[in-house]
Every structure is written in structure tokens, then in C-alpha cells.
2 protein chains.
Amino acid sequence: MTNLAQLQARLAASQYDAVLVPSSDEYLSEYSQPHDRRLAWATGFTGSTGSVIVARNGAGLFVDGRYTEQALQQVDAEAIEVCPATDAARLNWLQRALPAGATLAVDPRLHGEPELQRLIDDAARAGFDVQLDPNNLIDELWRTARPAASRASIFDYPIRFAGLTREAKIARMRARMMERKQDLLVVCDPEDVAWLLNVRTRDSVEALPQRRHVVPIPRSRVLVPREGAVLWFVEHTRLEPALAALMGDLIQLRAPPTFEDSLRQLATQRVVTANVRKTSYSHAQIVRGVGRLLHDTALTHARWIKHPNEIAVAREGHLIDGAAVIRFLAWLLQTVKERIVTEMEADEKVTALREQSKDYLGLAMNNHSASGPSAALPHYVATPASNRVINHHPVFWMDTGGQYAGCSTDNTVCFAIGSPEARHVEAHTLVLKGWIALARAQFPAGIHSTQLDTFARQFLWRQGKDYGHGTGHGVGNFMNIHEGPYIRKEIDHPLVAPMAAGMIVSNEPGYYAPGDFGVRVESHLLSVESGHPGFLRFETISKLPIDPRLVDATLLDGGEIAWLADYHEELVAAYRERLEGPVLAWLRGIADAFMAFREREAVR
Amino acid sequence: MTNLAQLQARLAASQYDAVLVPSSDEYLSEYSQPHDRRLAWATGFTGSTGSVIVARNGAGLFVDGRYTEQALQQVDAEAIEVCPATDAARLNWLQRALPAGATLAVDPRLHGEPELQRLIDDAARAGFDVQLDPNNLIDELWRTARPAASRASIFDYPIRFAGLTREAKIARMRARMMERKQDLLVVCDPEDVAWLLNVRTRDSVEALPQRRHVVPIPRSRVLVPREGAVLWFVEHTRLEPALAALMGDLIQLRAPPTFEDSLRQLATQRVVTANVRKTSYSHAQIVRGVGRLLHDTALTHARWIKHPNEIAVAREGHLIDGAAVIRFLAWLLQTVKERIVTEMEADEKVTALREQSKDYLGLAMNNHSASGPSAALPHYVATPASNRVINHHPVFWMDTGGQYAGCSTDNTVCFAIGSPEARHVEAHTLVLKGWIALARAQFPAGIHSTQLDTFARQFLWRQGKDYGHGTGHGVGNFMNIHEGPYIRKEIDHPLVAPMAAGMIVSNEPGYYAPGDFGVRVESHLLSVESGHPGFLRFETISKLPIDPRLVDATLLDGGEIAWLADYHEELVAAYRERLEGPVLAWLRGIADAFMAFREREAVR
């Protein structure tokens, strides 16, 4: 009997007609632990994001575009229908699958408040009844073979990497609470806790079987009253002794199961703030029941603005990481002349080169190593079944990143293998123009990240082309590789935010021709004061080369060509002491090609 | 005793410590009637938008940047403090002026629900108590000299101007309600009613004393149940007989004072939709008390997408209006060579030229005729006290518009008078580049209007410059000159919306150097299918010339120069049969100058 059939049998014996099972855990994590992968247990689908509604006689799995294909491969098509992850698709499925008046069980611990409220509203409108029930049916069924929860140790993240002391961060949040007459700050996002308390862990989730995708974020919560001790709800036994020794009057440890009681007690008749999008429906409702809950993202936004010390370490980390990627590129372009290289070998090779650095702590995400038609899938991960020979396709891109003490990296390099044709060069050049436009942009502090998205897309748009993913995302400091601000079209995306100096964001436009090829260029940008009061500009802090064979200089203007030439000169200077002779010579060759572009432009 | 002193005396005898008086009326209109100008009665401030909090011993007037100067001139500085119109400034004033626990009376009929909810939340957080009281203290005091409410007749807006019949529009809304299982659509925005029922009026509000700023929107509300009669709450006696004759089974007239009772009755235990931002707090609360209220902007968005018939009429209207403005420009540039012309004379002249058209129905807004330092104020209106001699300043701009059967116009022309200096030409050229970039943009349907804002600002931003107003707004069809979608930075602005084909929006970047000069260029754009599936582009439908003497061609690229040259050729072609010889010759001269730009560029 499959897990799904077990769940359906259990449903038939319950008061519910259907149950919603999300990928998220009680901490609303982007990457949940094996212990919490209820969605994978129920369906076999292992993507990081999605949800299933299981009815007694059917099931609808809701996944976003990057996971459609994977879902179709992983789930039993007889038993589970794969649908887009939109509110409308979910409602439509409910209406097709269930009679009016049916009840849907939802575990309110696993959903953010606004998201679940929307479901409740949609369902009510369509005549369904959402029953909130924290007695999760899967937890009841999933006894044997359930992986244990993580026991990875939690350690002090030293001030040389964290930038500011935990005491200073807490004092800053409290000063704000004082000024605004707020009594209690509820911090339910483990990323916010890790930042506030300067703590990290080394949980891992599987990427390739033999590689560790490191998730450095301990699952824990914090309550910050305006005065007195800060309460940290975390398993005491996971703390490394050195960290435990730092706890005391200011930060007191509490057992995680006591969180709700403490929350209720401290929130009673108080003004409470929380980032409600990262607070579970259960927790938000506890506060609303006894006190006054205000949505506030001040702590989250403070985390996204890096301290000068964090920035200094990140600059260095990006060069360490960049050296590994440049070594990879030089190796790849030489090796494909000599023999066959597959996507998976490339994937392994770049990781092996990163591992040569003593500062490297693991993968920041799955490696994406993509060639030919696979490269038209923006989130493609090579598997033995899909593994292409890179030599057989004109364009290859690779999107990878590492975790380092002090920074997280994430970059995409895109190079021609063999002879690219006009369509490859044109698409890459349009993508490159957008990438340069964002890298060179100057803009007022405080504009929303959505407005920056236009810089990167405008040249593709002019040709009626676009890409189906965001242009960029904030980047954590040995943390989640995805944080705010998100540079994307959706103005109502929870991670779209006002821009400030000190943010590190990715710049990753692309273009994908289904069944044919794809291109993407990605770097990390740091926002800095521009010199014009009130304006910001970017500095590209991940320094990786562009393939001049994929650039049509006639589509570039003089400013773009000059920028490219200067940028590659900077690369050569930055890596002069870091790269061995042949690799540096290869990089010098790239820089020379862009110098030649500039010289031709000067004559033109 | 001043009105303010009367109000303060009345307050002292009441249970309230302070009262909030907004500029808006019970229909949340942008332009309220003299009858409803409670804010002007209390303070003397006559701007279109603002609010005052009157306490027993003081008052704070909250106005946005364009009205600060006017407010300082109009109100008694001893009695009223002028503050910015932000939530923070309002809260700050309350905290300075009132003791903790003080009560603030608010008339819940005069505020949209989300806006008033925000005030209630802010006030509660700061320890104040908002008391909702529809027994408005000003209505009690303002007996003598209160202007009568408008009695202007309401007429049928014929199908040749409206595009679709009222029956078709109602059927479309009902089909959507059916599909979504909604029972009642509440339409409290008079602009939505005017669109849905194809009705208009000719209310006027004063602009210049001798000119009529026409507001064609009858104040009325509608209830659309899923079946049966549509109820229109309007004063029967104001309907022109021809319109009254069209009413019948489908649309039934109801007296406005019966609206609340009908709303309560029809909403009971029903799923009700409304654009809550344009629904008063009172009305929203009535629905919430008895049924389920969902925010829905479908009708409003449908209004913003013009029918092909509306578009055809608007094209013609923009040429009629454009001919008047071009005649004005030719007259101005000749006349300043012969004698002095003031801002107010220019203002009068353009209106007189518009009045020569039989289709002209009145001003769409105040005329803005601005020269020298006055032109650095984006919303400047010339008055006898401020009236400048245009001849004495190098740059003049004029932002004006007319109401016509079938369209509303709004455009800004900017011309050099005498010899512009490098800073004028550079600023104007940067503004022009943004204006061209938006006019030429191609973009995916469905992106939010905020993303278009970047096109117009990017070149100014690159120089550390910006402008403090939106880039554009939707434009009504013989309606409010300002409607959605708004092209501006604020992603949470209620009129920021997804772009669709058939929208008419303004394109009006500017630059303002305080105390020195200002430039602005404004046209109307129509969004159309671009030819690339899923993409839109714009067509500039208001055809007005650019001053070549204010353009530095070395700052333009070849595409921009070609676009400008083509655009001016189109102008000459469009007006060939419409303009008399000397004016056409003047326009031809402008087009020739841009042709010369193109020829020089070809050589370069």
C-alpha cells in the first residue's frame, strides 16, 4: 500500500474530505529537513517547494514551473494530478474534486498567516470549509522510516564574520520598540534568529548524493520583550559548549515546546510585532487572541543590509570562490578540446575545485550544469538519466555556489563550446546588455527592488523576449542563498523591498529557447552610496568572465563596451596573485578580447 | 469669530478632544464640490487634497508637497501648523498636540476603509481613541453660506463615445459574478458608476474664476445583484428626460438616502465584492456586519481598458486638442518676439484656442503655465500675485488639458524662450530620453505599471537626478483626468495595476531645479498589442512637438534621433488638413530641425 493510499484510507475514516500537505515545515523553511518532508512522503515528489491536496479518491499536486517536469516524473500519474502552484489552480482543482460543503484539513503550524488566510477565504468563497487541525494525519501514519530531526550542533558565529555583536543587534531592535511603544518582538523565522543571535549550524540536505548542500540555519525562535531577558527557544543540547557559555542574563534558553505558552503569556494585552509572512498561522492567532499583532519587517530588513565587516569578508569570499570557478572554466575549455566532458563531470569538477579552499563549507544549493536543450530549463539539475555531453552543444552554462564562513556565493558562467551560431550570440548579447544595465545602474535609495527588474529585461523585451524567473535575490551571509530583496516583476512578492546601501543581490538575467538552448549570466552586486546624495549604485563583487565569442559587439553601445573592457581588466588585477600562470593567462586572453572590442569601437 | 474658532468652541463643548476633517466627500472624490469642502471651510485651504486635525487649542493641516506653499499662504499660521501628508507626520502631530488617551472624532463616511483602518491602528498604537461619528460637527456649524449641492443634469453618454452599452457592461460583470459565485457587486466610486451606466454630468469646480474646470462624474452609487434589477442610487430629478426614459426593468432608480438600507438588506449572508479603497468605511462596515466582503477591482480595471470605439474617438479628440495647443505654441513663440507675454495671458490664450472647437466642453484641470523659478514647482498655477513675464526666462512649460465628448486630454509642452543655456538643454534632453524610452518601450502584458516608471527615469538617475512626481497616470474618457494605472515608484499605490492593451496613460517625466527652472514633457500613450505574442507597446496618441533648441543631439543615440524625426513627420502628416498655413509651416520647421539631426547622425 503506497503512502498516498494509506493517507487516503486514513482520510476515509476521519471527519475530513481532504487534507492539504505543504513542503514547508513548522519553521516555514525554504529547505526543509528529511524529517519534515511530509509532501515527499505522501507523493514521492522531492522538489523544495510545492503542496498537495489529498482527497479520498484523488490528489492534486501544485508545483511552480521549474518543478513541473520533475513532478511528472516522480509521481504516479494515475493517482496524482500535477497542477500549477497558483491560488486559482488550487481552487479550480478543489471545485473539480470535491462536492460543495466538503471539509479540508489544514495544519496551521505549516503555513504563514497571510497565505493560509487567503486559502481560507478562497475556499469559503467556493463553498468549502477549511478545518484547522494541528494533529497532522501524516505524523500519525509516518512512524517507521521517518528520518530523525537534525541534531547538528549550533555554534557561535564569530563577530569577524557576523559584523555586529548579538548584544548590539538586540539593543538596536529594542531602541526601535521603545520609540514605537511596542512591547514584544516575535521572531519565528530561523534566518532572523540566526542573524540576531549570531548563531549557525551545518545541517545538510542532499544535493547530489555525494555532496553536501549545507543549510546553516538552526531551526529556532526568539521572543524579544522590550526589557529583561531575550528568550531563545532551541534545544539546549545542540549548543556547542562555547556558545552555551555565552548565554546568560541577556539571552535565556527555553525548550521549543514551551514557545506557545511563553508567547501567549508575553503577548497578553501587549503591542506585539512580527514579520507575519514568516510567522505560522497558529502563532499569529495566539497573539491575536490575547494582544495586538502588527506586521513589521524591520529585523528582516536589517538582516539584509550587511555591516561593513560582513561586506569586507564577502568581497574576499567572492574572490576565493571566483578563483575556483575560473579554474573550472579554463579546465573545461581546454578539456573539451581533448575529450568528452559531461554535465555531471563538470558539476563534480567545479565542486572539487571549490573544496580545495580551506574556507569552503559546502554547496549553497544544487549545482546546475546545463548544456543544449537542458540549458533551456532554468532550474535544470543533471542526473544520470539526463546527463548530456557538453561537447555536443554550442552553449553551456553553470549556476553554482558555495557556503563559506562569512559569505554565501551563487554565480552563473556561460561559455560557448565549439561554434555558437547567430541566435546563440544574439540572445546572449541581449541578456548581457541587461546584466550590464543593472550592474551600471544608478538609482535613488528607497525605490523598490521591482523597479530594478526593468533594467535587466528591457533589451530582451524590445525583441519580444523575456525570462520566466526573477532577475535577482538578496544573498545571505553563510545563510540561505535566497533572501530579500527580490528583484522581480511581482510587486506583491513578500521579498520585494526598498533598496538601501549595503545589500548584496544577485544579477541573473537569462534567455531560454525550449528544446534548443539557454543562456544565463549571474553575478553578485553590492549596493553602495553613489556619490550623488540619495542615490545608490552597484559594485559587482563576484568577478567572473564573460565569453567574448558569445558577444555581438555591434549590439552594444560604447558605454557597454568600455564597461566590459574595464570589468575584465579588474578581474585580471583581482586574480593576479590568486591564480596560477596558465589560468591567469587564459583570463588575460578574455580581457584582451574585450580590449580589442574597445579598440574597434574607438575606430568606428 | 473664524470658522476654525467656531469649530474649536464646538469641540470644547463636545465629548471629543479633536476632529479630523478631510478634503474628500462622501463619494471619496478627487475633486469635491463647493458644498462638500469642509476642509476649506475650516481652514481656508482650497487645494484639492489634504486634511486637518482640529484640536481645542490648535490644528495641524496635512498636505502633500505640491500644496505646501499654497497652504502656508492660505491659512493662519498662528492657528494652524502645516505638515506633510504622511501617516508618520499625522501621528507625530497627534502626539505633540494631544494628551495620551485623547479622543479623535472621525466621520466614517468620508474615508475609504483601508485608509481609515490605518489611522485607527496608528492612533491606537499611540494611545489615542478614534471615535467614528457620522454626525459631522462642521455640518452642524456650516449653515449659512454653505453652497448648495450640485443640481447639474445627468445625461446619457451615447454609445458612440462610451464604446459598449450599459447592458453589455452589466452582463459582463454579472457573468464574472456567476463564475465566482458572488452575490452582490457594490459600486461606490462615481467614476465606476459613470462607466457602467454610460452617464455623465457637467459639474464644474472653479479653476481660474472665469473658466470652467468640468467634472463630468455624477455622484451616485450602484448595487448590482447577480440577478434582477440593478439599483442606481441617484437623485431622480437630476436625470435628463431622455436618460430617465432609458431606465426600466434592468436599471431601477433609488433615492440616495435609501442606499444603506438596501446595502444591508442585499448583503445579508451574501458574498459581496467592492473596490474597498473606493468604498467608505461606513459602507464597508455595513457589509462586514451582515455578509462577506471581498476586495475586487475588476470593474475599475475594466473601465481603464478602453473599447476600440472609445479609442477611435480618443485619437480624433487628441488631434483636435493638439491643434489648439500647436496654434498656441506658434502664437507664443511669435508674440514673445514682439511684446511681453505673461504666464496668465498664455494660460488664457490656450483656453481661448481650445474653446474654438465645437467639441470642447471645458478644462480637464487647472492650467499650469510656468516660467523661470515658477516652472520648478511641478504643480504651479499662475495667480495675479505670482504672474511672471515669460519673455524674462529661458524655459517655459505649460501643462493643460480639455474635456471633450469622447475623451479627456492632458499634455505638457516645453519650449525655449530666448536663449536656453547648457543646463536647460541637458536637463530637457535627459527628460526627453526617458520620455522617448517609455514611448518606445515594448513589455510583457501583465507587468505592473511600476515597472514602466524605470524606463522614464533611468537617464536622469544616471546623472543623480530625479523628479518628485509620478511618471504617468491612466486617463478617463470624458471623466476624471486621473485614473489608473498609475506609472509611479510606489508599489503599494492603490492605482498601480497590471498593464493591458487598450489603456491610455500619460507619459510625463520632468526635472525641477528649485529657484531656477523646470522642464516637463507630457503626452498620452495608448497600449497596443506589439506583434510579439504576449507583448505590448505604446502608440503616442497626443501629437505635440518637442523644441529642438532644447535638445542636445550628442546625448541621444541613433535610435532616439530616428524616433524623434519620424514622430515629427507623423505630426506634420496628422495636422496637414487641420492647421492653417502659417502654423503648419511653423510645425514643418520643427520637423525639419529633427530631420537635420538625423542627417548629421547618419554622417557621424
Side-chain angles (χ1 to χ4, degrees), chain A residues 88 91 95 100 121-122 124-127 180-182 271 273 292-295 437-438 440-444 446-468 488-493 496-498 530-537 557-559 604, chain B residues 91 95 100 121-122 124-127 180-183 271 273 292-295 437-438 440-444 446-468 488-493 496-498 530-537 557-559 604:
Chain A
L91 198 64
Q95 287 174 319
D121 289 348
D122 283 353
R125 214 179 309 177
R180 297 176 174 237
K181 302 186 181 171
Q182 297 161 349
V271 176
T273 62
R292 199 173 162 69
L293 178 61
L294 304 172
H295 177 53
L438 184 55
R440 291 173 76 197
Q442 179 169 262
F443 52 91
I447 64 161
H448 280 81
S449 44
T450 288
Q451 273 202 281
L452 297 176
D453 186 70
T454 309
F455 280 103
R457 294 186 198 267
Q458 58 184 327
F459 306 101
L460 285 163
W461 283 356
R462 197 178 283 175
Q463 304 301 324
K465 295 179 163 70
D466 201 0
Y467 46 95
R488 55 188 300 144
K489 293 177 191 168
E490 296 79 2
I491 56 173
D492 51 357
H493 191 283
V496 160
S530 79
H532 284 104
F535 279 79
L536 304 177
R537 62 176 181 79
D557 66 28
R604 195 164 70 171
Chain B
L91 199 63
Q95 287 174 320
D121 289 349
D122 283 353
R125 212 178 312 176
R180 298 177 172 238
K181 301 185 182 171
Q182 298 161 347
D183 304 303
V271 176
T273 62
R292 197 171 165 71
L293 178 60
L294 304 171
H295 176 53
L438 185 56
R440 291 172 78 197
Q442 180 170 260
F443 53 91
I447 65 162
H448 281 80
S449 44
T450 287
Q451 273 203 281
L452 296 176
D453 185 69
T454 308
F455 280 104
R457 294 186 198 267
Q458 57 184 328
F459 305 101
L460 285 164
W461 283 354
R462 196 177 284 174
Q463 304 301 323
K465 296 180 162 71
D466 201 359
Y467 45 95
R488 56 189 301 146
K489 293 176 189 169
E490 295 80 2
I491 58 174
D492 51 356
H493 190 284
V496 160
S530 80
H532 285 105
F535 280 78
L536 304 177
R537 63 174 182 79
D557 68 26
R604 197 165 65 171

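Letters go in sequence order (proteins before strands), and every chain restarts at 1.
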Pick one of side chain, backbone, both or neither for D121(B), based on which atoms fall under 4.5 Å of a heavy atom in chain A.
both
Side-chain heavy-atom pair K489(A), P444(B) within 4.5 angstrom cut-off
yes
Less than 4.5 Å to any heavy atom of chain A: does that hold for the side chain of T450(B), its backbone, both, or neither?
both
Partner residues of R537(B) under the side chain to side chain donor-acceptor pair (under 3.5 Å) criterion, sequence neighbours left out
none
How many angstroms lie between CD1 in I491(A) and CG in D492(B), if you round to the nearest 0.5 Å?
8.5 Å
Kindly compute the distance separating CZ (R488(A)) from CD (Q451(B)), expressed to the nearest 0.5 Å.
11.0 Å
L91(B) CG to R180(A) CZ distance, which is reported to the nearest 0.5 Å:
9.5 Å
At a heavy-atom distance under 4.5 Å, which candidate from Q458(B), R292(B), K465(B), Q442(B) has the highest pair count against chain A?
Q442(B)
For D557(B) and D557(A): C-alpha separation, side-chain torsions, deciding distance, then whether side chain to side chain contact (heavy atoms under 4.5 Å, CB included) applies.
CA-CA 9 Å; D557(B) 68 26; D557(A) 66 28; over 6 Å; no
Can you tell which part of Q463(A) gets under 4.5 Å to a heavy atom of chain B, answering side chain, backbone, both or neither?
backbone
Atom group of L294(B) that falls short of 4.5 Å from chain A, counting heavy atoms
side chain
Rounded distance (nearest 0.5 Å) linking atom NE2 of H448(B) with atom NE2 of H448(A):
13.0 Å
Do D466(B) and F535(A) have side-chain heavy atoms sitting under 4.5 Å apart?
yes
What's the separation between atom CG in D453(B) and atom CD1 in I447(A), rounded to the nearest 0.5 Å?
8.5 Å
